[in-house]
Protein chains: 2
Amino acid sequence: MIAESEKVHDICFVQTGIIVKCINLSSEEKLKEAAKTVFLKKGFAGTTARDIADAAGMNIALTNYYFRSKEKLFVEIFRDLFELYCTNTIKILDRPVELKEKIIAIIEEDYRMMKEEPSLVLFIMTEIHRDCENLLPELSKYKELLKGKLVGHIQEAVQKGIIRNIEVEHLMPIIIGSLQFIFVGKNMHMKMHSMSEAQFDKYTETHKNHVIGMVTNYLFTDLNLN
Amino acid sequence: MIAESEKVHDICFVQTGIIVKCINLSSEEKLKEAAKTVFLKKGFAGTTARDIADAAGMNIALTNYYFRSKEKLFVEIFRDLFELYCTNTIKILDRPVELKEKIIAIIEEDYRMMKEEPSLVLFIMTEIHRDCENLLPELSKYKELLKGKLVGHIQEAVQKGIIRNIEVEHLMPIIIGSLQFIFVGKNMHMKMHSMSEAQFDKYTETHKNHVIGMVTNYLFTDLNLN
DNA sequence: AAAGATTTTAAATGTTTGTTTAAAATTAAA
DNA sequence: TTTAATTTTAAACAAACATTTAAAATCTTT
């Protein structure tokens, strides 16, 4: 028997050598973390209950004991990840800075998120493609949040003539699409140009800078030319 | 019974007016077409042998009779679809027109292809993510073709000062990324903005025009500003 | 029309799937 | 320390899975 204090998967907050707080990840949490990793890698259809149990180092029955079914566990994880995908952008819109600065910050933050979880976007798109209705019942929440925080700002900027007149539905894809595409096709691009992980990191950073230039150039300059 | 001469999907080898050999490909082709549809919709892991047989209206054993296994059939279909994905772009590069015109033509052609097969890009990215090594053993073929046809043209244009100095590895994603992203996230965007299929068509066309403006603007104008 | 080759079928194969069960092990409460 | 509640386990479950088989049906050749 392993003593409680020796169990792995604890998170300890240490300040100047002293353990301030020590949280023992419960079996339920360990299972969910392991499942998240596997689902992100293999998707819902490609993941078996045994994959999850193996990744967590736990018994095959525990998924159903804690989450009742593979699908219920998946939906829980998907909701978390979709919120991560959406709220990153939304919280930036609250910053009290200029629109151009905001848009650059969105791209930078999006880049940071994808660098941390490169398969997140492909995962979300794949699973929505598979089962849109069940996975996005509350999409309108994010939709309203995003629109509410953008529309006013955009209209004001359009009237002032500092930004191109663009529908809000097109603005976000214009801003984030090109960079997210690179991560969606990560494996293809890596194989295509024979890149290592480190080289891919450099590649995406360069690409991010191209995107910042391209997007701001299009939205904020030469409005009379097109 | 339908007479042999009236059957569709026959391929006949004729030499000096005489039928030397006549192969009826109907069942094999029907099966492959049905499998292509199902794989595009559900992916490899989400598709069962029964899904394919049902879609083709044929017996469950025929996949193995004609293609030996579900995976061999899948690989065959994936190769076809990946070629479709790549060669569309490559053949445009042969046109004897200016670089700017070529890039616009690539976007237009890409748009046409995705309108015809909206789930193609997501399918390719998902499957490469799942099994890159097995699915892309001959990727270098397309890589060389693409680079060979672009590099010279780009370098020349850069020297003439008519295009921004950009690495060829970044050029294609800059051109096609933003628009392909819209189709990768088709279901999400449709649900997000409560669009019908017809409305999505209009949406993508508008987006395509934004992309053309944005890309050409970035690549061909104001080179001194950034 | 008969013989031979090919295609299609229904049934069965063994494996893997998600899930359940009931007992064992562990933890918490008395 | 004993009892009760909870967690973990190994085993079993039916259903679904890809694939195979051998017979039936169809087509081609003679």
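Just so we're on the same page: letters track the sequence lines, and every chain starts at 1. Because the structure is a prediction, the values reported are computed rather than measured. We use all heavy atoms of the structure for the numbers below, so side chains are in, but hydrogens, waters and symmetry mates are not.
When the side-chain nitrogen and oxygen atoms of A:Y65 are compared with OP1 and OP2 of D:dT7, one or more of them lie within a distance under 4.0 Å. Between A:N64 and C:dG18, a side-chain N or O to OP1/OP2 separation shorter than 4.0 Å is absent. Put simply, B:S27 has a side-chain N or O that comes within less than 4.0 Å of OP1 or OP2 on C:dT8.
Distance, A:N59 CG to C:dA23 P: 17 Å, rounded to whole Å. One atom, CD1 of B:I60, and another, P of D:dA16, lie 13 Å apart when rounded to the nearest Å. Per the geometry, CG belonging to A:D51 stands 12 Å off C1' belonging to C:dG18, to the nearest Å. Between B:L62 atom CG and D:dT19 atom P the separation is 14 Å, expressed in whole Å. A straight line from CZ of B:R68 to C1' of D:dT21 spans 17 Å, rounded to a whole angstrom. In this structure, CZ of B:F67 is placed 16 Å from C1' of D:dT19, rounded to the nearest angstrom. Straight-line distance from the CE atom of B:M58 to the P atom of C:dT6: 17 Å, rounded to whole Å. As a whole-Å value, the separation of A:K70 NZ from C:dT20 C1' is 17 Å.
Relative to the ring axis of A:F44, A:K70 places its NZ or CZ within 45° and under 6.0 Å from the centre.
Here A:R130 pairs with A:E127 in a salt bridge; the nearest charged N to carboxylate O distance falls below 4.0 Å.
For B:A61, taking side-chain heavy atoms from C-beta onward, the closest of the listed nucleotides D:dC17, C:dT19, C:dT9 is C:dT9.
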| Working for side-chain hydrogen bond (donor to acceptor under 3.5 Å, both in side chains), residues B:D51 and B:T48 | CA-CA 5 Å; B:D51 288 337; B:T48 71; 3.3 Å; yes
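Ring pair A:F39/A:F74 is perpendicular by interplanar angle, where above 60° counts as perpendicular and below 30° as parallel. Ring planes of B:F200 and B:F183: perpendicular class, angle over 60° (limits at 30 and 60°).
Within the nucleic acid shown, A:Y66 comes within 4.0 Å of sugar-phosphate atoms alone, with no base atom in reach, counting heavy atoms only. Across all strands, A:T63 comes closer than 4.0 Å to no nucleic acid atom at all (heavy-atom distances).
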